[in-house]
Amino acid sequence: MAKIQRNPAQRQGEIKRLLLARGAISVEELCSLVSASPATIRRDLAYLQEQLGIERTHGGAAVQALRPAEQNFAAREALDVEEKRAMAEAALALIEPGSTIFMNDGSSIMAIAKAIVASGIELFVATPAVNVAATLSENPKATVCLLGGFVRQTSLATSGPFAEAMVAQINADLALISPDGLNAEAGLTFSHASDAALARCMSDKARRTIAIAVGAKLRRTERIGALPLSSVGEIITGSRDEVLLQSLRKRGVKVTEVDAGGARA
């Protein structure tokens, strides 16, 4: 099997994914699996130890056992790392200091939360995601409202009538919505009706809605429709599929493409 060359962020994301899946792994195994030298792997492990608190072992690394919900989220967070980071920077550029925003849940939304923390921007943020709220609270200039409701074990987020009732009381400048699927015909779609309902509530109570979607989501249509494209002011994506992107633009929505080097409309 031909070895795949990866840049540092991709390689570190793959190492993180392998650690989460296995619990422990040796430097020798990682060299083979990610096509890198022992010295490179050791530097990556040192970085991950500093950033994520992984445990260095003799000849490898290990991670503490995570709860199923945390493990599921961490595995998703390790995918499309650079694309999510670039989308987050593009989204951050559209957020006005002092504004009120909604953010739903997911690993792309978490990337935006981390960008907000790094920027130190002043904001009021309402989110159903327990982990996103915890991350945002690291920004001393952010006022974070965790929406109450029923917590889904697989998403670490709340949903249901209590969360929707809280959204109804907030007048937001911007709703940042990461759907499970997105395309020109179906608009924004979700796997769960409660997530779709909350996304609709957020969009209804915000002056502007921006969808955040990695390229793979533009090929999906999930079972529950949430928002038509006419409700979305802009889509930020890392997709390079011009056929898909043009189909979205023909519906009158602005599409911003991102890559590791920045963004272009």
Side-chain angles (χ1 to χ4, degrees), residues 1-93 103 105-121 129-142 156 178 212 214-216 236-238 258-263:
M1 182 184 296
K3 292 184 177 181
I4 300 172
Q5 297 298 319
R6 296 179 172 87
N7 61 34
Q10 290 173 323
R11 189 178 60 246
Q12 289 157 8
E14 179 66 6
I15 291 172
K16 178 181 175 182
R17 187 190 68 78
L18 289 165
L19 271 168
L20 290 170
R22 301 185 181 199
I25 196 167
S26 70
V27 170
E28 182 179 0
E29 288 177 294
L30 287 171
C31 288
S32 175
L33 291 168
V34 303
S35 305
S37 69
T40 297
I41 293 298
R42 291 189 183 97
R43 285 195 297 271
D44 287 339
L45 292 177
Y47 172 81
L48 292 172
Q49 182 179 33
E50 179 181 347
Q51 297 295 315
L52 304 175
I54 69 166
E55 181 183 350
R56 297 289 298 276
T57 63
H58 180 68
V63 291
Q64 292 184 347
L66 298 176
R67 290 172 292 183
E70 293 172 330
Q71 188 168 2
N72 178 277
F73 186 86
R76 287 185 286 124
E77 193 177 16
L79 299 174
D80 306 309
V81 174
E82 286 188 65
E83 184 179 359
K84 291 170 184 174
R85 186 180 299 131
M87 291 193 303
E89 291 300 325
L92 182 65
M103 296 167 65
D105 66 282
S107 56
S108 295
I109 294 296
M110 177 61 85
I112 298 174
K114 291 179 178 178
I116 288 172
V117 171
S119 73
I121 189 173
V130 177
N131 52 356
V132 169
T135 296
L136 287 168
S137 68
E138 297 172 16
N139 177 358
K141 292 185 178 180
L156 300 175
S178 177
I212 314 293
V214 294
I236 299 175
T237 182
V258 302
D259 56 33

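Because only heavy atoms are used, hydrogens play no part in the values below, and waters and symmetry mates are left out as well, while side chains stay in.
Using modelled atom types and a 3.5 Å distance limit, the side chains of T135 and K114 yield no donor-acceptor pair.
Between N139 and I116, the closest heavy-atom pair is ND2-O, 3.5 Å. The two residues V132 and A113 come nearest to each other via the heavy atoms CG1-CB, 3.9 Å. For the pair Q12 and L48, the tightest heavy-atom approach, listed with the atom from each and the gap, is O-CD1, 4.0 Å. Residue R85 comes nearest to A9 through the heavy atom pair NH1-CB, 3.9 Å, listed as atom of the first residue, atom of the second, then distance. Listed here is the closest heavy atom pair of A88 and A115: CB-CB, 4.2 Å.
Between L156 and D105 there is no side-chain heavy-atom pair separated by less than 4.5 Å. Looking at heavy atoms from C-beta onward, M87 lies in side-chain contact with V214 at the 4.5 angstrom threshold. For the pair I109 and I112, the minimum side-chain heavy-atom distance is below 4.5 Å. Taking 4.5 Å as the limit, some side-chain heavy atom of I54 sits within range of a side-chain heavy atom of L45. Using a 4.5 Å heavy-atom threshold, the side chains of I41 and I15 count as touching. A heavy-atom distance below 4.5 Å is found between the side chains of L136 and M103. A heavy-atom distance below 4.5 Å is not found between the side chains of Q10 and V81. A 4.5 Å side-chain heavy-atom check between V34 and T40 finds every atom pair outside the cut-off.
Pairs of residues two or more places apart, or lying in two chains, that qualify as salt bridge (charged side-chain N to carboxylate O under 4.0 Å, His left out) and include a residue from residues 25-42 are R22-E29.
A salt bridge between E14 and R17 is present, with a side-chain N of the basic residue lying under 4.0 Å from a carboxylate O of the acidic one.
Summarising the geometry, atom OH belonging to Y47 is positioned 11.5 Å from atom CZ belonging to R11; distances are rounded to the nearest 0.5 Å. From R43, atom CZ reaches atom OG of S37 across 6.0 Å, with rounding to the nearest 0.5 Å. For the atom pair S178 OG and I236 CD1, the distance stands at 11.0 Å (nearest 0.5 Å).
Partners of E83 under the side-chain hydrogen bond (donor to acceptor under 3.5 Å, both in side chains) rule, at least two apart in sequence or in another chain, do not exist in this structure.
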